[in-house]
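Written out below as structure tokens is the structure these notes cover.
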Amino acid sequence: MDHFTKITPEEYQKSPFQTIGKEWLLITAKKDGKVNTMTASWGGLGILWGRPVAYIFIRPQRYTKEFVDASSHFSLSVLGEEHRKALNYFGTVSGRDEDKIAKSGLKLCYQEDVPCFQDANTVFLCRKLYAQPLKPECFTDAADDAKWYPEKDYHTMYIAEIEGIYMK
Ligand SMILES: Cc1cc2nc3c(=O)[nH]c(=O)nc-3n(C[C@H](O)[C@H](O)[C@H](O)COP(=O)(O)O)c2cc1C
């Protein structure tokens, strides 16, 4: 990882509503020496169990889920507007069908053996703490269950400790 500086969570001043909701994240993990990545625009940053954490939500059919499940760590990379085409590509094509990272032209790099993107402006290095599939009986507003899960493909929620935030 070249040209990144590690900052503390308190030094991170950007709005998670903007970063996650508008700029989007690339969730990246390694399994058996292979790396896959996907776009995500749902998630959160906050504090839990006395630690800075990230929350992400992955549907069961995503190839990336296999990589996140197999690994103790994953990264969240934030890319600038100039990479919108790649973000759309990573969010519509599956790594089961194409070697997405090779085709994208983006440059993979590693922080403590966790894959992430040199092209990012921000990388969150995350260590998994908790994973649980959302359950229909747990919705307190049934409208969201009906709206988002007609196929019953409930996201798994991952809570991960943010071990490092790296910014350019
Ligand atoms: C803007 C955007 C946001 C997305 N957010 C999520 C998300 O938060 N969780 C999820 O499971 N899929 C999300 N997706 C869908 C995956 O990125 C998409 O299905 C991707 O092709 C999965 O790739 P994979 O099979 O290689 O893992 C999003 C897609 C886009 C375009």
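Indexing begins at 1, ligand by ligand and atom by atom, following the structure's order.
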Is the shortest side-chain heavy-atom distance between Phe124 and Leu45 below 4.5 Å?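 Counting from C-beta outward, Phe124 and Leu45 do come under 4.5 Å.
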Going by salt bridge (charged side-chain N to carboxylate O under 4.0 Å, His left out), name the residues that satisfy it together with Glu23, two or more places apart in sequence or in a different chain. Lys14
So which protein residues pack against ligand 1 under 4.0 Å, heavy atoms counted?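 Around ligand 1, where the cutoff is 4.0 Å for heavy atoms, the contacting residues are Trp24, Asn36, Met38, Thr39, Ala40, Ser41, Trp42, Phe57, Ile58, Arg59, Arg62, Tyr63, Thr64, Phe90, Gly91, Thr92, Val93, Ser94, Gly95, Lys100, His155.
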Crowded around Lys152 NZ? As in, over 12 foreign heavy atoms under 6.0 Å? yes
Determine whether more than 12 heavy atoms belonging to other residues, nucleotides or ligands lie under 6.0 Å from atom NZ of Lys103. no
His83-Phe117 aromatic ring centre distance below 6.0 Å: no
Shared hydrophobic cluster for Ile165 and Ile159 (ILVMFWY, side-chain gaps under 4.5 Å):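 No, Ile165 does not connect to Ile159 through the hydrophobic network.
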